[in-house]
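Note that this is a predicted model, so its numbers are computed, not measured. Computed from heavy atoms alone, side chains included, the values below leave out hydrogens, waters and symmetry copies.
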Amino acid sequence: MWIQAAARSIIASMRAVCRILIVVSLAVAAAGAGHQTEPRLRIMATVLPLRDFAAAVAGERAEASLLLPPGAEVHAWQPRPRDIAKLSECDLLLHIGAGLEPWLAGLLKAFPKGRVRTFEASAALAHSGPSGQAIDPHIWLDFGLDVLIVRRLAEELSRIAPAGAAAFKANAERLAGRLEALDAAFSEGLADCRGRDIVLAGHSAFGHLAGRYGLAQRALYGLSPDARPKAKDLMEAIDFCRAKGIRTVFAENAVPPDLADTLAREIKGRVLVLHTGHNLSREQLAEGLGFFDLMAENLAALRDGLGCR
C-alpha cells in the first residue's frame, strides 16, 4: 500500500510541475509574440544630422541609415538603382527640402504617389534670408531650429507607430537638451572674440550659424556649391582680410583646399577647417563620429580662428 501511495504522490508532483512549465511556456510565447507584432521602423535620411536625430528619437524602435554614401556631396549626388531599392523598403524618408536635394523629386517619381512617406525638415521653419535672396537650406547649423525639427520628428514617428509615442517624446526632449547645451556652448564660446568675420573659401553654408551667434559670414561664392568665384571675388576677399588684419581663412571639409590655400598665402595667414556636417567621410565614419562631434570641432576651430577668449 505504501508503494502505491508513494507512486500517487510522485505522479501528483509531476503533474504540478508540468502545469507550471506549461504556464511559463505560454507566458514566454505570449511575450515573444507581443514583441514580434512591433517590427522596427526603417528610417532613411538624406543628411547626417537628420539620421542622428532619428536614431536618438526612435531609439530601439527603429533603424536609421543615411541615403548618401560616405563622402558624397548632398547637392550634387545622383541616386543609383540600388538607392531606389533602399527607399522601397523604408517606412520614412527624412530630407531637408528648401532646394538642398535637387535630385529628390526625380527619385520619388520612381514610386507610386504616396508610396514613400517623407518628412521635410525645413517645412514651417523661419529659415529664409533677407527678401530677394535664396533660402539657405543649411538649417541644421542653427541648433535652435534643430530643437524644433526634433520635436516635429517625434510627432511624425508617433503617427506612424502610436505605441511608441511616449518613448519618442521623452527621447526627443533628451535630444533637445543636448542641442540646447550645444547652443549654449557656442553662445558662450563665441561671445568674446577679437574677430567676428568668418572668411570662408567656399560656398555660403554657414549663414545660419553666423547669424545665431552674432558673426558675419564672408564666403567666396553663394549658396550653390557648383558656383565658382571670379578673380575679382578672390581679390575682394584678399583686400577685406588685409584691411581688417584677418590672418585665418576657413575652408569646408569636403572642398579641395586650393582656394583657401591661395587666399591664406596672399594674406600670410593660415587655413582652418569647418564641417558643414551634412555627411561623413570614410575616415570619419570609421572613427565613429557623429553630428555632435563635428560641431564640437567647428566650435574649436572658430574659437581658434576668431581669437576668442
Side-chain angles (χ1 to χ4, degrees), residues 45-54 66-68 71-77 93-104 118-150 152-153 179 182-183 185-187 190 197-229 250-255 259-260 272-281 284 289-299 301-302 305:
T46 60
V47 291
L48 174 70
L50 291 183
R51 186 209 66 179
D52 286 4
F53 296 167
L66 195 59
L67 182 59
L68 271 66
E73 211 290 319
V74 65
H75 300 274
W77 178 72
L93 171 66
L94 312 180
H95 67 105
I96 294 294
L100 184 78
E101 308 100 337
W103 41 265
L104 183 58
T118 62
F119 173 88
E120 184 177 2
S122 66
L125 295 180
H127 59 278
S128 61
S131 178
Q133 291 187 8
I135 292 175
D136 182 355
H138 305 85
I139 55 175
W140 62 88
L141 292 173
D142 182 326
F143 310 129
L145 294 181
D146 287 339
V147 170
L148 301 178
I149 292 169
V150 163
R152 285 183 51 228
L153 177 57
L179 289 165
L182 182 63
D183 184 35
F186 269 74
S187 294
L190 301 174
D197 297 291
I198 302 175
V199 177
L200 185 67
H203 79 300
S204 304
F206 294 88
H208 285 294
L209 186 148
R212 188 165 183 85
Y213 305 112
L215 305 174
Q217 173 187 238
R218 186 182 180 93
L220 287 187
Y221 46 98
L223 287 170
S224 172
D226 297 327
R228 289 293 177 267
F250 293 97
E252 297 177 59
N253 63 296
V255 174
L259 278 173
L272 294 179
V273 172
L274 290 179
H275 303 282
T276 55
H278 73 277
N279 200 355
L280 295 170
S281 66
Q284 291 168 334
L289 300 182
F291 175 70
F292 283 91
D293 300 303
L294 300 185
M295 295 306 103
E297 291 184 14
N298 279 354
L299 179 56
L302 287 169

Under 3.5 Å donor-acceptor, E101 side chain and W103 backbone: no
Close side-chain approach of R212 to L141, heavy-atom, < 4.5 Å: no
Stepwise side-chain contact (heavy atoms from CB on, under 4.5 Å) test for H208 and D136: CA-CA 8 Å; H208 285 294; D136 182 355; 3.5 Å; yes
Atom pair CG (L274) and CD1 (I198), whose distance is rounded to the nearest 0.5 Å: 6.5 Å
D197/R218 salt bridge by N-O under 4.0 Å criterion: no
Atom of G277, atom of P49 and distance for their closest heavy-atom approach: O-CD, 3.1 Å
Whether E120 side chain and G97 backbone form a donor-acceptor pair below 3.5 Å: no
Spacing of CG belonging to L294 relative to OG1 belonging to T276, to within rounding of 0.5 Å: 8.5 Å
Gap separating the CG atom of L289 from the CG atom of L48, nearest 0.5 angstrom: 9.5 Å
Heavy-atom closest pair, residues A301 and V273: CB-O, 3.6 Å
Any donor-acceptor pair under 3.5 Å from D52 side chain to G290 backbone: no
Separation between OG1 of T118 and CG of L94, rounded to the nearest 0.5 Å: 9.5 Å
Shortest non-hydrogen separation from L209 to L302 and the atoms involved: CD2-CD1, 3.8 Å
Nearest non-hydrogen partners of S122 and A98, listed with the distance: OG-N, 3.6 Å
Test item: F206 and L215 side chains (from C-beta on) under 4.5 Å apart, heavy atoms: no
Closest approach of G99 to P102 (non-hydrogen atoms, all atoms of both residues): O-CD, 3.8 Å
Candidates H278, H138, H95 - the one meeting side-chain contact (heavy atoms from CB on, under 4.5 Å) with V47: H278
Derivation and outcome, side-chain contact (heavy atoms from CB on, under 4.5 Å), residues F119 and I149: CA-CA 10 Å; F119 173 88; I149 292 169; 4.2 Å; yes
Name of the residue among D146, L100, I96 meeting side-chain contact (heavy atoms from CB on, under 4.5 Å) with I139: I96
E252 side chain to H203 backbone, donor-acceptor under 3.5 Å: yes
Verdict with supporting geometry, L190 and L299, side-chain contact (heavy atoms from CB on, under 4.5 Å): CA-CA 8 Å; L190 301 174; L299 179 56; 4.0 Å; yes
Pairwise distance CH2(W77) to OG1(T46) - rounded to 0.5 angstrom: 9.5 Å
Worked verdict on Q284 versus D293 for side-chain contact (heavy atoms from CB on, under 4.5 Å): CA-CA 10 Å; Q284 291 168 334; D293 300 303; over 6 Å; no
Parallel, tilted or perpendicular, as decided by the 30° and 60° cut-offs, for the rings of F143 and Y213: tilted
Close side-chain approach of F292 and L182, heavy atoms under 4.5 Å: yes
Atom pair CH2 (W140) and CG (L179), whose distance is rounded to the nearest 0.5 Å: 14.5 Å
Test log, rule ring-ring contact (aromatic ring centres under 6.0 Å, His included), inputs F291 and F53: CA-CA 9 Å; F291 175 70; F53 296 167; 5.6 Å; yes
Closest heavy-atom pair and its distance - R152, A121: NH1-O, 3.1 Å
S204 side-chain N/O to Y221 backbone N/O, donor-acceptor pair under 3.5 Å: yes
